[in-house]
Structure formats: C-alpha cells, structure tokens
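Right, one structure below, let's go through it.
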Amino acid sequence: MNKWKRIGITVLVFQITILIYSIFFESAVGLNIFVNGNFYIGTIFLMAGLFVMVSKNGFFDVITNGIRHVFFRRQMEGDEEGYRSFSALLNFSADGLIKTGAVLIGLSIICLFFVL
C-alpha cells in the first residue's frame, strides 16, 4: 500500500474518532473540540516518531552501554557479544508516525484560523 494512502487512512480514522468522541462525550460537535483533538493526537504521533528516530540513531545505545559498563562491569567481562543495542530492537521506520503527526497538526492549524 502506498505510504501516503496509509497516512490518509490513519488521519481519516482519527477524524472519525474525534467526531464520535465529540458527539458522545461532549454532546456537541464544534470546531474547537476538533482542533484540540487533532492537536493532541498529532502531538502524540509526532513525539512518538521523534522518539523512535532518536532511538534508531543510537542515542540511547551510548547511555545504556555506559550504565552497563559502570554498574555491571563484572557480569559483562565475558559477555560483550551477547549485548543487543536498543536501536537494533527497533525494526520500523519513524517516517509514518512523523508524517501522520504533521498532517494532523497541520489540519489543526488550518482549522484554528476558522475558530478565530
């Protein structure tokens, strides 16, 4: 499936989720609720994508290796090869999360001009 088509479907699902939430829990459908919902969900996606991107670049590998070296020196003497880095555990790309978050926040900013 095309990556932009997948992002579009994800955005559409979250728009429907925000609409259902506003109907059942807020008992009103307003642009303010729509803008806030898009911003919250978009921020979560953007932060998750940025966390994955930073993790895959090896930032946490250095920290984890330093902590292991300081606190578990005796246990690590013969087991240097058995260590799997945190970035090796992540096998998916952060592009989809970042693009979906950017689209949701972009929709939030566009709709914000209509609220004001």
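Both Val70 and Ile63 belong to a common hydrophobic cluster when Ile, Leu, Val, Met, Phe, Trp and Tyr are linked at side-chain heavy-atom distances under 4.5 angstrom. With hydrophobic clusters built from ILVMFWY side chains whose heavy atoms lie under 4.5 angstrom apart, Met53 shares a cluster with Leu46. Hydrophobic clustering (ILVMFWY, side-chain heavy atoms < 4.5 Å, transitive): Phe59 and Val52 are in one cluster. Under the 4.5 Å side-chain heavy-atom criterion for Ile, Leu, Val, Met, Phe, Trp and Tyr, Val54 and Phe51 are members of the same hydrophobic cluster. Cluster annotation: Phe34 and Phe114 are assigned to the same hydrophobic cluster (Ile/Leu/Val/Met/Phe/Trp/Tyr, side-chain heavy-atom contacts under 4.5 Å, transitive).
The minimum heavy-atom distance between Lys56 and Asn91, with the atom names listed, is NZ-C, 4.5 Å. Of all non-hydrogen atoms in Gly37 and Ile18, the two that sit nearest each other are C-CD1, 3.5 Å. Shortest non-hydrogen contact noted between Ala94 and Gly49 is CB-O, 3.3 Å. Taking both residues in full, the closest heavy atoms of Ser55 and Ser87 are given as O-CB, 3.2 Å, listed atom of the first, atom of the second, then distance.
In this structure Phe92 satisfies the ring pair (Phe, Tyr, Trp, His ring centres under 6.0 Å) test with no other residue, sequence neighbours excluded.
Taking CD1 of Ile33 as the reference point, atom CG of Asn36 lies at 8.0 Å (rounded to 0.5 Å). To the nearest 0.5 Å, atom CD1 of residue Ile7 and atom NZ of residue Lys5 are 13.5 Å apart. In this structure, the separation between CD1 on Ile20 and CZ on Phe25 is 10.5 Å, given to the nearest 0.5 Å. A distance of 12.5 Å separates CZ of Phe113 from CG of Leu31, quoted to the nearest 0.5 Å.
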Please table the atom pairs, donor to acceptor, closer than 3.5 Å between any side-chain atom in residues 104-112 and protein atoms at least two apart or in another chain.
residue : atom : partner : partner atom : Å
Ser108  : OG   : Val35   : O            : 3.1

For Trp4 and Lys99, run side-chain contact (heavy atoms from CB on, under 4.5 Å): C-alpha distance rounded to whole Å, both residues' side-chain angles, the deciding distance at 0.1 Å, then the answer.
-> CA-CA 9 Å; Trp4 285 105; Lys99 288 178 183 175; 4.0 Å; yes
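Side chain of Thr100 to backbone of Leu97: no donor-acceptor contact under 3.5 angstrom is found.
Tested against Phe14 for a side-chain contact (heavy atoms from CB on, under 4.5 Å), the candidates Val103, Ile41, Ile9 yield a single pass: Ile41.
Counting non-hydrogen atoms of other residues, nucleotides and ligands closer than 6.0 Å to CZ of Phe60 gives a total above 12.
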